[in-house]
Student: 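Please read through the structure below; I'll follow up with questions.
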Amino acid sequence: MPNSNLVHKMDVRLPRLSRVAVCGGTHGNELSGIYLVRELLRTATGAEAGRDAPMQAVLSNPRATQLCSRYLDTDLNRCFTHAALSGPLSDEPPYEMVRARELDALLGPKGSPQAVDLVCDLHNSTSNMGLCVIAFSDCDWICLNIFRHLQRLMPDIPVRYIHFDVPDKESFSLDSVGKHGFALEIGPQPHGVVRSNIYTTMKDGLQHTLDWIRLFNSGAVFEGGPVDVFTVVGHIDYPRESGSQNITAAIHPQLQDRDFCLLRPEEPVFQTFSGQTLHYKGSEPLHPFFINECAYYEKGVALYLARKRTVTMPTLRVRKEGHPANFVSEKEEEE
């Protein structure tokens, strides 16, 4: 782990974000992103909204969207690993596996110099998550600065950064196709429903993101400093019957809707259908999120657990021609 004081003093310069993709409908029943992308496509204001970076709006899973279903054959947002994109396809491959390769060709290829500079994938959760930036890196200074920008400009809603600590080849979601990428997740909203307040919050978050890109590309300097990051360390499944795998308990009332609270050992987690309270058996306090997410019943996830950490960001600005990617500031050289 780099020394936080050293990182804070560093002056990092990264290439301008020339191509940005905004995706909605990766899950066809998460309607805020679907209607927001449809609105962008209808009004054809992508370039105007981005102002200083061509913005491409993409409806990710049109067939599932048409049916208002999370997916047709398999979860599209788990189809972007290196193995899934490069391995052989069966004679009758799942629709989402084919669609993932189409999106990779459109926005990638993943890991290549031709990939778009930033992918922002829009999602809804049934959990009480507020607004979350979800990414696979805790040192992507672009994503972390966008997150801090959203925190500052959206004080009326909790904004958090979730870090899935997964190697690049195993990063599984659509946003991982870009050179930089994150999911913009907001809840609570039932799947198959659009709520105006949730939609408006997502729209505001996207516009603030595009405004930050314009500022970055125009040469603005973003000072370094600390930000809080929730790094995922595991998950807990519902109690289940050994044979049928039917669940035998629901999230305990004391935990329901308390995403990102501090869950301490022996505090209630589940209440069985016969009325028994089941307690958290972990050895350390952790922060639960995606609590009772509707879509995760099939994945064996009642909630994720994260450890809250502080990450120190360096000063960030766009790289001008002739500059190296990053260098030590004059202030540090004097010391």
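Note that this is a predicted model, so its numbers are computed, not measured.
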Student: Does Gln256, at its CD atom, have more than 12 non-hydrogen atoms belonging to other residues, nucleotides or ligands within less than 6.0 Å?
Tutor: yes
Student: Contact between Leu262 and Arg264 at the side-chain level, heavy atoms closer than 4.5 Å - yes or no?
Tutor: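 When only atoms from C-beta onward are counted, Arg264 and Leu262 do touch, with a gap below 4.5 Å.
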Student: Quick one, Met313 and Arg148 - any side-chain contact, counting heavy atoms below 4.5 Å?
Tutor: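 The answer is yes; the side chains approach within 4.5 Å.
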Student: With sequence neighbours excluded, tell me which residues meet ring-ring contact (aromatic ring centres under 6.0 Å, His included) with Phe182.
Tutor: none
Student: Looking at CG of Leu210 and SG of Cys120, how far apart are the two atoms once the value is rounded to the nearest 0.5 Å?
Tutor: 7.5 Å
Student: Kindly work out whether a path of hydrophobic side-chain contacts (I/L/V/M/F/W/Y, heavy atoms less than 4.5 Å apart) joins Ile251 to Tyr304.
Tutor: no
Student: Look at Arg70 together with Asp75 and state whether they make a salt bridge at an N to O cut-off of under 4.0 Å.
Tutor: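 Looking at Asp75 together with Arg70, the answer is yes, because their closest N to O distance falls below 4.0 Å.
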Student: List for me each residue that meets salt bridge (Lys or Arg N to Asp or Glu O under 4.0 Å) alongside Glu298, sequence neighbours excluded, and say none if there are none.
Tutor: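 Listed in chain order: nothing, the list is empty.
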Student: Evaluate the side-chain proximity of Met97 to Leu89: yes if any heavy-atom separation is below 4.5 Å, no if none is.
Tutor: yes
Student: Return yes if a side-chain donor-acceptor contact under 3.5 Å exists between Thr315 and Asp11, otherwise no.
Tutor: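 Side-chain D/A pair, Thr315 to Asp11: absent.
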Student: Examine the side chains of Glu185 and Asn124 and answer whether a donor and an acceptor come within less than 3.5 Å of each other.
Tutor: no
Student: Is there side-chain contact between Tyr280 and Leu305, with at least one heavy-atom pair below 4.5 Å?
Tutor: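 Side-chain contact under 4.5 Å: yes.
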Student: Mind checking whether Trp212 and Phe222 have ring centres under 6.0 Å apart?
Tutor: yes
Student: Let me confirm one number: the CD1-CD distance from Ile247 to Glu241, rounded to the nearest 0.5 Å.
Tutor: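 With rounding to 0.5 Å, CD1 (Ile247) is 10.0 Å from CD (Glu241).
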Student: Would you please test Arg160 and Asp228 for salt bridge (Lys or Arg N to Asp or Glu O under 4.0 Å) and show each step?
Tutor: CA-CA 8 Å; Arg160 302 179 178 96; Asp228 289 331; over 6 Å; no
Student: Distance from Arg99 atom CZ to Leu106 atom CG, nearest 0.5 Å?
Tutor: 7.5 Å
Student: Which pair of heavy atoms, one from Leu59 and one from Pro62, lies closest together, and at what distance?
Tutor: O-CD, 3.7 Å
Student: Who are the salt bridge (Lys or Arg N to Asp or Glu O under 4.0 Å) partners of Asp237, not counting sequence neighbours?
Tutor: Arg240
Student: Can you confirm whether Ile236 sits close enough to Leu303 that some side-chain heavy atom of one is under 4.5 Å from a side-chain heavy atom of the other?
Tutor: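 Of all side-chain heavy-atom pairs linking Leu303 with Ile236, at least one is under 4.5 Å.
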Student: Verify side-chain contact (heavy atoms from CB on, under 4.5 Å) between Cys261 and Leu255, making sure each step is shown before the conclusion.
Tutor: CA-CA 8 Å; Cys261 69; Leu255 183 60; 3.9 Å; yes
Student: Ignoring hydrogens and geometry, is there a side-chain-to-backbone donor-acceptor pair from Thr200 to Asn197 under 3.5 Å?
Tutor: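 No: the side chain of Thr200 does not pair with the backbone of Asn197.
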Student: Do Gln66 and Leu72 pass the side-chain contact (heavy atoms from CB on, under 4.5 Å) test, and can you show the C-alpha distance, the side-chain angles, and the key distance before you say yes or no?
Tutor: CA-CA 10 Å; Gln66 188 174 22; Leu72 266 68; over 6 Å; no
Student: Does Leu131 share a hydrophobic cluster with Phe290, counting links as ILVMFWY side-chain heavy atoms below 4.5 Å and allowing steps through other members?
Tutor: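 In one cluster with Leu131: Phe290, no.
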Student: Distance alone, cut at 3.5 Å: any donor-acceptor contact between the side chains of Gln189 and Ser32?
Tutor: yes
Student: Run the side-chain contact (heavy atoms from CB on, under 4.5 Å) test on Ser171 and Phe80 for me, step by step, so that the C-alpha distance in whole Å, both residues' side-chain angles and the decisive distance to 0.1 Å come before the verdict.
Tutor: CA-CA 7 Å; Ser171 56; Phe80 293 92; over 6 Å; no
Student: As an exercise, state the distance from OG of Ser127 to CD1 of Ile186, rounded to the nearest 0.5 Å.
Tutor: 13.0 Å
Student: How close do Pro314 and Val12 get, heavy atom to heavy atom, and via which atoms?
Tutor: CG-CG2, 3.5 Å
Student: Please examine the side chains of Pro15 and Val318, heavy atoms only from C-beta on, and report whether any two atoms are closer than 4.5 Å.
Tutor: no
Student: Indicate the atoms forming the closest heavy-atom contact of Gly205 with Leu150, along with that distance.
Tutor: O-CD2, 3.4 Å
Student: What's the shortest heavy-atom distance between Val119 and Asp175, and which atoms?
Tutor: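 That closest heavy-atom pairing would be CG1-CA, 3.7 Å.
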Student: Name all residues meeting the salt bridge (Lys or Arg N to Asp or Glu O under 4.0 Å) criterion together with Lys203; count only those two or more places apart in sequence or in a different chain, and write none if there are none.
Tutor: none
Student: For the hydrophobic clusters of this structure (ILVMFWY residues joined by side-chain heavy atoms under 4.5 Å, transitively), does one cluster hold both Met154 and Phe260?
Tutor: no
Student: Who are the ring-ring contact (aromatic ring centres under 6.0 Å, His included) partners of Tyr35, not counting sequence neighbours?
Tutor: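 Expected list: none.
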Student: A side-chain contact here means heavy atoms from C-beta on lying under 4.5 Å apart; do Cys139 and Val311 qualify?
Tutor: no
Student: For Asp117, which residues count as a salt bridge (Lys or Arg N to Asp or Glu O under 4.0 Å) partner, sequence neighbours excluded?
Tutor: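 Here the qualifying residues are Lys179.
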Student: Between side-chain atoms of residues 162-170 and protein atoms elsewhere (two or more places apart, or another chain), which donor-acceptor pairs fall under 3.5 Å?
Tutor:
from	atom 1	to	atom 2	distance (Å)
His163	ND1	Thr231	OG1	3.0

Student: When you look at Leu263 and Leu286, which way does the side-chain contact (heavy atoms from CB on, under 4.5 Å) test go after all the steps?
Tutor: CA-CA 5 Å; Leu263 180 62; Leu286 292 170; 5.7 Å; no
Student: Holding to side-chain contact (heavy atoms from CB on, under 4.5 Å), I want the full list of residues that pass it with His191, two or more places apart in sequence or in another chain.
Tutor: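 His191 satisfies side-chain contact (heavy atoms from CB on, under 4.5 Å) with Asn29, Glu30, Thr126, Glu293, Cys294, Ala295 only.
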Student: Strictly by ring pair (Phe, Tyr, Trp, His ring centres under 6.0 Å), give each pair with a member in residues 113-139 just once, sequence neighbours left out.
Tutor: His27-His123, Phe136-Phe172
Student: Indicate the atoms forming the closest heavy-atom contact of Asn128 with Pro188, along with that distance.
Tutor: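 Where Asn128 meets Pro188 most closely, the heavy atoms are OD1-CD, 3.4 Å.
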Student: Would you please say whether a donor-acceptor pair under 3.5 Å links the side chains of Asn77 and Tyr71?
Tutor: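 No, because no side-chain N or O of Asn77 sits under 3.5 Å from a partner of the opposite role on Tyr71.
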Student: At their closest point, which heavy atom of Cys143 faces which heavy atom of Gly181, and how far apart are they?
Tutor: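 Taking Cys143 first and Gly181 second, the nearest heavy atoms are SG-O, 3.5 Å.
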Student: Got a sec, which pairs hit side-chain hydrogen bond (donor to acceptor under 3.5 Å, both in side chains) with one end in residues 79-96, sequence neighbours left out?
Tutor: Asn61-Glu96
Student: Once ring-ring contact (aromatic ring centres under 6.0 Å, His included) is applied, do any residues pair with Tyr161, and if so which ones, sequence neighbours excluded?
Tutor: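 So Tyr161 forms a ring-ring contact (aromatic ring centres under 6.0 Å, His included) with Phe147.
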Student: Please identify each residue that fulfils ring-ring contact (aromatic ring centres under 6.0 Å, His included) with His287, with sequence neighbours left out.
Tutor: Phe230
Student: Can you hop from Val37 to Ile134 via hydrophobic side chains spaced under 4.5 Å?
Tutor: no
Student: Going by distance alone, is a donor N or O of one side chain under 3.5 Å from an acceptor N or O of the other, for Asn246 and Tyr238?
Tutor: no
Student: Just how far is it from atom CG of Asn145 to atom CZ of Arg317, taken to the nearest 0.5 Å?
Tutor: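 Rounded to the nearest 0.5 Å, the CG-CZ separation comes out at 12.0 Å.
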Student: Distance check, rounded to the nearest 0.5 Å: Asn217 atom CG versus Ser18 atom OG?
Tutor: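 Asn217 atom CG to Ser18 atom OG measures 6.5 Å (nearest 0.5 Å).
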Student: Short question: side chain of Asp259, backbone of Ile291 - any donor-acceptor pair under 3.5 Å?
Tutor: yes
Student: Report yes if the side chains of Thr209 and Val22 come closer than 4.5 Å at any heavy-atom pair, otherwise no.
Tutor: no
Student: May I ask whether Val177 and Ile213 are part of the same hydrophobic cluster, defined by side-chain heavy atoms of I, L, V, M, F, W, Y residues being less than 4.5 angstrom apart, directly or through others?
Tutor: no
